[in-house]
Amino acid sequence: MASVLVGAARRYAPVHASRLTKCSVLMKQIHASQLSRRASKDGGLGIPDEPVSQITPTDSLPKYSNSRERKFHDLLQFVRDRTGRVKVVKSGQVRTTAWLRLFQLAGKAEHLAAVAETFPLWRELGKSFTPLDTEMFVRRCEELDCPLLALKVFGNHPKYGLALSSFPAARTLLHSLYQKYPLENVIAAVSLFGVNNLSPVTNDLAGCAMLYAACLRSKNKHASLLGRDIRMVLQSLLRDTTPSPEPKEKYLRARYSVKPDLWLLEALMDIKKTKRDQGRGSWWITEWIARGEGHVLPPLAERRYQARGGKHLQKELTPARNVTQQLRA
């Protein structure tokens, strides 16, 4: 198993051969949710079911808290009765849009888990899901705080038939995991990029920043080996990318197309905070963010001097120096 993830790491980042050996140690240390390209007994990719064992699909409820929940269960029962090799109800046909409607009506993690358990019935009919279905499922899993359910479903394509066929969906899955869950879950999500023939995560600035933030936050001492190589890739991507100011208006921030830019800045600030807590600098992030805001920072040596509490020539601070105090390296 470790060799599979090491191979994935080789694809995602320019890792030196000697570091690949060290990375294998990391993969052994964080093996709890490793992926295996060999199918499991039920045809899965090796992602365990235990993390989502507390999410119990609800077949039916005698009472509904609101009309939305009633609509959800009515539609779910309609789909179940008309899918699978043996249909309970012969009349009527399930439209492909029913899945999007179910995702929207789901009000809690248990609802999404119940919908996911219906996926195999759809697969038995020879039907497939669209990239829009994938993106909506991942988005709702993040909104209902059950990203491990998405990880479980995408990691067992032979059973569920829902492929991580969209890069935006894969990026959303990574975002839903990197801040709250252990590094092994993030590694599992990153491995799915290659399994589904998506562009490597290190080709995407936001994805690379989120992966590096997860490595920095990890308590496993071997995570620094992987993080060191991801950092070099992230620094290269930042040098080749022109920064843009963070959108302030609520209507802009609410747009899904703007989310990757917001997630990038969020991950960069997360990296800065973690490095500051560890007593390490992040001047390259400070400069990149400042350029996006249209500010010109003083030289790095001067910023470091000011950060240590020194006074510089008793001159009145320029606007650039005021920015330095806000974005201290």
Test side chain to side chain contact (heavy atoms under 4.5 Å, CB included) applied to Glu287 and Leu238, step by step: CA-CA 10 Å; Glu287 290 183 346; Leu238 288 176; over 6 Å; no
Just by distance, do the side chain of Arg253 and the backbone of Val258 share a donor-acceptor pair under 3.5 Å? no
Are the aromatic ring centres of Tyr160 and Phe137 under 6.0 angstrom apart? no
State, with a plain yes or no, whether a side-chain heavy atom of Asp145 is found less than 4.5 Å away from one of Lys180. yes
Before you tell me yes or no, could you show the steps for Gln179 and Glu266 under side chain to side chain contact (heavy atoms under 4.5 Å, CB included), namely the whole-Å CA-CA distance, both residues' side-chain angles and the distance that decides it to 0.1 Å? CA-CA 10 Å; Gln179 288 184 314; Glu266 176 186 81; 3.9 Å; yes
Counting neighbours of NZ on Lys275 that are heavy atoms of other residues, nucleotides or ligands and sit closer than 6.0 Å, is the number greater than 12? yes
Does a side-chain N-to-carboxylate-O contact under 4.0 Å join Glu142 and Arg139? no
When hydrophobic residues are tied together by side-chain contacts of less than 4.5 Å, even through go-betweens, does Leu262 share a cluster with Leu211? no
Calculate, to the nearest 0.5 Å, the distance between atoms CE and CG belonging to Met136 and Leu102 respectively. 12.0 Å
Does CD in Gln278 sit with more than 12 non-hydrogen atoms of other residues, nucleotides or ligands closer than 6.0 Å? yes
When rounded to the nearest 0.5 angstrom, what is the spacing between CG in Leu177 and CG in Leu183? 11.0 Å
For the residue pair Phe193 and Phe167, categorise the inter-ring angle as parallel (less than 30°), tilted (30 to 60°) or perpendicular (more than 60°). perpendicular
Hey, is the main chain of Asp270 close enough, under 3.5 Å, to the side chain of Arg217 for a donor-acceptor pair? no
Let me confirm one number: the CD1-CG distance from Ile285 to Leu268, rounded to the nearest 0.5 Å. 5.0 Å
Within the side chain of Trp288, is there an N or O that forms a donor-acceptor pair under 3.5 Å with the backbone of Thr241? yes
Face-on cation placement of Arg123 at Phe119 ring, 6.0 Å and 45° thresholds: no
How close do Gly84 and Glu124 get, counting heavy atoms only, and between which atoms? CA-OE1, 3.3 Å
What I'd like to find out is whether the side chain of Thr286 reaches to under 4.5 Å of the side chain of Lys272, using heavy atoms alone. yes
Val115 and Val79, any side-chain heavy atoms less than 4.5 Å apart: no
What's the spacing between Leu164 CG and Asn196 CG if we round to 0.5 Å? 5.0 Å
Got a second to check how far Ser165's OG is from Glu135's CD, nearest 0.5 Å? 8.0 Å
Is a side-chain N or O of Arg140 found less than 3.5 angstrom from the main chain of Ala106, in a donor-acceptor match? yes
Flag, side chain of Ser166 to backbone of Leu132, donor-acceptor distance under 3.5 Å: no
Does Asp133 form a side chain to side chain donor-acceptor pair (under 3.5 Å) with Thr130? I'd like the steps, not just the answer. CA-CA 5 Å; Asp133 293 329; Thr130 67; 3.1 Å; yes
For Ala209 and Leu264, work out which heavy atoms get closest and say how close. CB-CD1, 3.9 Å
Taking all atoms of both residues into account, what is the closest heavy-atom pair of Leu149 and Ala109, and its distance? CD2-O, 4.4 Å
State, with a plain yes or no, whether a side-chain heavy atom of Thr96 is found less than 4.5 Å away from one of Lys127. no
Indicate the atoms forming the closest heavy-atom contact of Leu162 with Phe154, along with that distance. O-CD2, 3.3 Å
Does atom CZ (Arg101) have a neighbourhood of more than 12 heavy atoms from anything else shown, all under 6.0 Å? no
Find the distance between CZ (Phe129) and CG (Leu100) and round it off to the nearest 0.5 Å. 10.5 Å
In sequence, state the C-alpha distance, the side-chain angles, and the governing distance for Leu112 and Cys141, and then conclude on side chain to side chain contact (heavy atoms under 4.5 Å, CB included). CA-CA 7 Å; Leu112 282 180; Cys141 282; 4.0 Å; yes
Please report the shortest heavy-atom distance between Ala170 and Leu198, naming the atom on each side. CB-CD1, 3.7 Å
Applying side chain to side chain contact (heavy atoms under 4.5 Å, CB included) to Ile187 and Leu226, what does each step give before you reach the verdict? CA-CA 11 Å; Ile187 292 291; Leu226 181 60; 3.6 Å; yes
Check: Thr172 side chain, Pro168 main-chain N or O, donor-acceptor pair, under 3.5 Å: yes
If you define the side chain from C-beta out and look only at heavy atoms, does anything of Pro243 sit under 4.5 Å from Ile289? no
Please answer: with hydrophobic residues joined when any side-chain heavy atoms are less than 4.5 Å apart, are Leu121 and Phe103 in the same cluster? no
Look at the rings of His73 and His111 and say which category their plane angle falls in: under 30° parallel, 30 to 60° tilted, over 60° perpendicular. perpendicular
Closest heavy-atom pair, Arg231 versus Trp284, reported as atoms and distance to 0.1 Å, is CG-CZ2, 3.9 Å
Hey, is the main chain of Met232 close enough, under 3.5 Å, to the side chain of Ser236 for a donor-acceptor pair? no
Side chains of Tyr181 and Val186: closer than 4.5 Å at any heavy-atom pair? no
